[in-house]
Amino acid sequence: MTDKVRNRNLSLDLGPPTMPSQGDDGASELQQLPIIHIEENEDEVIESSVTSIDQTMITKLLASNVLDDKDLSHILWWNEKLQMCKKPSTVHLIERLDYSNLLGMDCNLKNGSLKEGILYSEMLQFKSKFPRQILLCRVGDFYEAVGIDACILVEYAALNPFGGLRTDSIPRAGFPVVNLRQTLDDLTHNGYSVCIVEEVQGPAQAQSTKRRFVSGHAHPGNPYVYGLVGVDHDLDFPEPMPVVGISHSSRGYCINMVLEIMKTYSSEDCLTEYAVVTKLRTCRYHHLFLHTSLSRNSHGTSIRGKFGEGGLLLGECRSRHFEWFDGNPISDLFVKVKELYGLDHDVMFRNVTVSSGNRAQPLTLGTCTQIGVIPTDGIPSLLEVLLLPHCTGLPILYVRDLLLNPPSYEIASKIQATCKLLSSVTCSIPEFTCVSSAKIVKLLEWKEANHIELCRIKNVVDEILHMNRTPELKKIVEHLIGPTWVATGLEIDFKTLVAGCEIASGKIDKIISLDCNEDQKVSSFKAIPGEFFEDMESEWKGRVKAIHINDVLTSVDEAAKALHLAVTEVFAAVVFGLKAFVRYHNVEIFYCREQKAVWFKIPFHWFLTTLSIGSPGEEHIELLKYAVDSKGRKVGDELFTTGMVEDALSRYHEANAKAKARVLELLRGLSAELQSHINIIVFSSTLVVITKALYAHDGKPLDKNCEMKIVGLLPYWFNMAEGGAVHNTVDMQSLFLLTGANGGGKSSLIRSICAAALLGICGLMVPVESALIPYFDSIMLHTKSYDSPADHKSSFQVEMSELRSIITRTTKRSLVLVDEICRGTEDAEWICIAGSIIETLDSIGCLGIVSTKLHKIFTLPLNIKNAVHKAMGTTCIDGRTKPTWKLTDGICTESITFETVKREGIPMNVVKRAEDIFHIMQGNCRLSDKSVSCVDD
């Protein structure tokens, strides 16, 4: 075995790719092999997931030079995907694969030829251009996949293999053309990318070799759009999903996100490990790449079986699929993205990163889950409360991202000012047409924007122009220039925006028909079923202005009249002749929608009977012939036509096809023209989405002072109209040490303050009577922690890890909210840890709340200068302690534990016994020596 082969095999047993010496000619191979690693514990060597293709097979493939290094890496990548297949039928197909080519076809099996000129040879050429995409090839009325792709299709698209489970032919699978969208949804939902190959359609193709071309691709968050320009319905466009790359340097962690559909990327650095994990959990991504810098610790030395100083990232990635990459964390990530999507090497990505500057830190995972910014079981959704029920889709996504990544003070102030203006306008406002920027970019880039989408684009830019012309609304556009820049990364000033919208609107208005099709009515003749002309001409009429298609309109009208005359002269005479002889029988002019034809329908035996009998239509009856489909096959025994009608029908179809082609040419040409204004259109669509999201909000004052005062605070999920809610006033100038009985409202108060502060620093509505909210540089909420067996950590260890992250990020301009610190224990050491954390936060000078039931904390010799004691009030009614849910000064040592467990239905005998034990313990505590505590020591 050569050294080169030996080096390449060694890389399969390692974790992150080991960097060979400069003289090692296996360097490129090591960097190419994509391997997913699973770590059982710190000391174990990370094992490769490559099991289906054994080392002997890999060595054989390398030695035979059947595959080059890149193709081998693709085969290993697909092999890892195939190992996840579980269906018995799929497993049987996988056994028939051969890994000597990218299709996985065994040339020794039936239909396995890859000779030049064969369909599968052509498919292999397409596959070599997009090796990590499932290839679907149009073959007549079906789409077909072979080899590896057929296996994936059977596994995830609920299809049966062609030929069943016979073992003598290559794996094949397919589906009818009409099922394409559903199949693509199934595949992309499972994380796969798909390349679709179409046949060139046309009458000449029936008698010649089929010509094929790549019509487009479908990726997770990036749908297939080919053919949309010619339809009159919409396509749901999912939220774009980026490719994520994570790296590490002396400045901290860096996360880079690349959106192929937008050709943009953003980069955030100086992040903590906890912040990166939060980003991963709150972001739906297409693919994850980890840089080899993550396999080295802060001293630059390699660590086996672990990456990340705290091990949090390792625990998060253990259950995710990822690939290692080396080199420059950004430019080499671009290489991976281009390989993944099959892009040309000269494709450029625009940097949309907005400098963090004085922006607040992104929300931590605990914070955004505990106030319902992202869906969490048992936690009321802040977004549902914040936005009106009819406000869905893109506006919700914008507000969600705004809350997850709070803007700078300047941007928040602009948002706040916009909310105030929108809440007080007296003029009419636009409907705010929301169109996904990603959808606009994809449709214009592929020239597949139909008349509906182009009208929506015109609505968007016209709404900007309308607001510019309306004094009350013009200020709103000016205010939102900044927030839109942050959202898009595009720096466009107000004047440039308005001028660009005028140009884009004018270009669309010049081509698109907006007058309800009054000048392009569908042909209509009494002798021919109306559905025929409706189906034929509604595909293109009314989409563009008649002035651009007058010649083809005339041709279609003339062809329609000629068809009508042919039908009238022949079919009408036949109908008349037959009906004169045979009464009460159903003889009709029949429209066959499937074949797009108009035929004569008469029962077969009546036709034979009347041939020999003279009648007024005899000469026409003799001209009848059986109707045939596009492939020349007889359709049935009851459908007939004549040469004259067929000629007229062909002429009409030809004129109709030319008219449709002209319309599609104009629409695609308009898409091409609008691409030069894509930045203006994207900026406008985003600004309109932001405006709709902020509509009806009433912003509260945002202040830069380190003091927060909220009047009339109540839980954000309460309905004020129903009444009964307890309002609180929070005047916070330092840290609160909060105590209260079980069910007394501590957690609700903390969540409510967190939500109010977050909305405030984002410039959004705060559901209170009045508020003065400082601009916090971070808002961090910590609640109950759970153990993490996968990370070998108890709940206390997880809590300390989260508190470490909070303490290290806290400044005097932070809001820190800790719900029941060291929850669930009164161990003396833990109480001292809690006390020390409180002391640390107090010395930093941040605002916040630390709630606790550890009353012994107040006996500790803490060096606290600013923190104040607050309590959730209680009252005694009929000898029982009940909560008032009001925030008061002081310390609450009252307990309503027994009342709470009774309300929750604990059996009374259990509660009674607990009360007896409690009274015994209380008595023992009073009798014990003062130096002995009944709780600690």
Side-chain angles (χ1 to χ4, degrees), residues 360 363 367-376 378-392 395-404 406-407 412-424 690-703 707-732 736 738 745-776 779 781 783 815 817 819 847-849 872 884-887:
L363 290 193
T367 304
C368 59
T369 56
Q370 289 302 314
I371 61 173
V373 175
I374 59 175
T376 307
I379 304 297
S381 170
L382 179 59
L383 292 176
E384 289 182 4
V385 176
L386 185 61
L387 298 172
L388 297 174
H390 68 268
C391 189
T392 59
I396 286 184
L397 294 179
Y398 172 75
V399 174
R400 182 203 66 183
D401 292 341
L402 184 70
L403 298 178
L404 289 173
S413 298
K414 296 293 185 183
I415 292 174
Q416 182 184 86
T418 301
C419 290
K420 290 182 178 180
L421 289 172
L422 285 169
S423 66
S424 61
I690 295 174
T691 307
K692 187 165 186 175
L694 301 183
Y695 182 59
H697 281 287
D698 182 15
K700 302 298 178 183
L702 188 65
D703 190 65
E707 177 182 349
M708 179 167 65
K709 185 169 183 178
I710 305 175
V711 178
L713 177 71
L714 78 164
Y716 62 82
W717 57 93
F718 276 28
N719 188 342
M720 289 184 287
E722 294 179 358
V726 176
H727 293 69
N728 272 297
T729 295
V730 178
D731 190 354
M732 185 181 292
F736 284 3
L738 180 64
K746 299 188 299 298
S747 298
S748 293
L749 178 72
I750 287 174
R751 280 196 179 94
S752 301
I753 291 174
C754 182
L758 177 60
L759 295 176
I761 69 169
C762 292
L764 299 174
M765 178 197 75
V766 181
V768 297
E769 294 176 12
S770 66
L772 184 65
I773 298 174
Y775 183 79
F776 296 109
I779 298 175
L781 169 62
T783 58
L815 177 66
L817 304 164
D819 189 14
L847 298 187
I849 297 177
M872 300 306 296
T884 63
W885 300 290
K886 292 290 289 186
L887 182 65

Undergrad: Taking the side chain as every heavy atom from C-beta outward, state whether Ile849 and Lys746 have any atom pair closer than 4.5 Å.
TA: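 In short, these two side chains do not touch, never coming nearer than 4.5 Å.
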
Undergrad: Quick one: do Leu887 and Leu738 satisfy side chain to side chain contact (heavy atoms under 4.5 Å, CB included)? Show the steps, please.
TA: CA-CA 9 Å; Leu887 182 65; Leu738 180 64; 3.8 Å; yes

Undergrad: Atom OG1 of Thr392 and atom NZ of Lys692: how far apart are they, to the nearest 0.5 Å?
TA: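 If we round to the nearest 0.5 Å, Thr392:OG1 and Lys692:NZ are 7.0 Å apart.
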
Undergrad: Determine whether a donor-acceptor pair (N or O, by modelled atom type, separation under 3.5 Å) exists between the side chain of Asn728 and the backbone of Ile710.
TA: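 Such a contact is absent between Asn728 side chain and Ile710 backbone.
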
Undergrad: With a 4.5 Å heavy-atom cut-off, do Trp717 and Ser748 have their side chains touching?
TA: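 Yes. Closest side-chain heavy atoms under 4.5 Å.
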
Undergrad: Output all residues satisfying side chain to side chain contact (heavy atoms under 4.5 Å, CB included) with Thr884, sequence neighbours left out; order by chain, then residue number.
TA: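 Once residues adjacent in sequence are excluded, the partners of Thr884 under the side chain to side chain contact (heavy atoms under 4.5 Å, CB included) criterion are Thr875, Lys886.
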
Undergrad: I need the Thr418 OG1 to Gln416 CD distance, nearest 0.5 Å.
TA: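 Nearest 0.5 Å value for the OG1-CD distance: 10.0 Å.
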
Undergrad: Applying side chain to side chain contact (heavy atoms under 4.5 Å, CB included), name anything that partners Ala755, two or more places apart in sequence or on another chain.
TA: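 Partners of Ala755 under the side chain to side chain contact (heavy atoms under 4.5 Å, CB included) test: Leu382, Tyr716.
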
Undergrad: Can you sort out the partners of Val711 under side chain to side chain contact (heavy atoms under 4.5 Å, CB included), two or more places apart, ordered by chain and number?
TA: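 If we apply the side chain to side chain contact (heavy atoms under 4.5 Å, CB included) test to Val711, skipping adjacent residues, the hits are Lys709, Thr729, Glu769, Ser770.
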
Undergrad: Apply side chain to side chain contact (heavy atoms under 4.5 Å, CB included) to residues Cys754 and Thr367 and explain how you reach the verdict.
TA: CA-CA 8 Å; Cys754 182; Thr367 304; 3.6 Å; yes

Undergrad: Output the distance between atom CG (Asp819) and atom CG (Leu749), rounded to the nearest 0.5 Å.
TA: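 If we round to the nearest 0.5 Å, Asp819:CG and Leu749:CG are 10.0 Å apart.
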
Undergrad: Among Leu383, Leu694, Ile690, find the residue that satisfies the side-chain contact (heavy atoms from CB on, under 4.5 Å) test when tested with Val399.
TA: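 With Val399 as partner, side-chain contact (heavy atoms from CB on, under 4.5 Å) holds for just one option, Leu383.
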
Undergrad: Any donor-acceptor pair under 3.5 Å linking the side chain of Thr376 with the backbone of Gly372?
TA: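 Flag not set: sc Thr376 to bb Gly372 has no pair under 3.5 Å.
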
Undergrad: Apply the test side chain to side chain contact (heavy atoms under 4.5 Å, CB included) to residues Thr369 and Ile379: give CA-CA distance (whole Å), side-chain angles for both, the deciding distance (0.1 Å), then the verdict.
TA: CA-CA 8 Å; Thr369 56; Ile379 304 297; over 6 Å; no

Undergrad: Closer than 3.5 angstrom, by distance alone: can the side chain of Arg751 be matched with the main-chain N or O of Gln370 as a donor-acceptor pair?
TA: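 Side chain of Arg751 to backbone of Gln370: a pair is present.
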
Undergrad: What distance do Ile773 atom CD1 and Leu758 atom CG have between them, rounded to the nearest 0.5 Å?
TA: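 That separation rounds to 9.5 Å.
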
Undergrad: Can you measure from CG (Leu817) to CD1 (Ile753) and round to the nearest 0.5 angstrom?
TA: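 The CD1 atom of Ile753 is 6.5 Å from CG of Leu817, to the nearest 0.5 Å.
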
Undergrad: Measuring from atom SG of Cys762 to atom CD1 of Ile415, what distance do you get when rounded to the nearest 0.5 angstrom?
TA: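 If I round to the nearest 0.5 Å, the distance is 7.0 Å.
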
Undergrad: Kindly give the heavy-atom pair with the smallest separation between Ile779 and Ala757, and that separation in Å.
TA: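 Here Ile779 and Ala757 meet closest at CD1-C, 3.7 Å.
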
Undergrad: Sequence neighbours left out, what passes side-chain hydrogen bond (donor to acceptor under 3.5 Å, both in side chains) with Ser752? Give chain and number order.
TA: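 Testing Ser752 for side-chain hydrogen bond (donor to acceptor under 3.5 Å, both in side chains), a comparison that skips the adjacent residues, returns none.
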
Undergrad: In chain order, what residues pass the side chain to side chain contact (heavy atoms under 4.5 Å, CB included) check against Phe718, with sequence neighbours excluded?
TA: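 Result, side chain to side chain contact (heavy atoms under 4.5 Å, CB included) vs Phe718: Leu714, Pro715, Ala725.
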
Undergrad: Is any side-chain heavy atom of Pro774 closer than 4.5 Å to a side-chain heavy atom of Leu847?
TA: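 SC-SC contact between Pro774 and Leu847 confirmed.
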
Undergrad: With side chain to side chain contact (heavy atoms under 4.5 Å, CB included) as the test, would you mind laying out the steps for Leu403 and Leu759 before giving the verdict?
TA: CA-CA 7 Å; Leu403 298 178; Leu759 295 176; 3.9 Å; yes

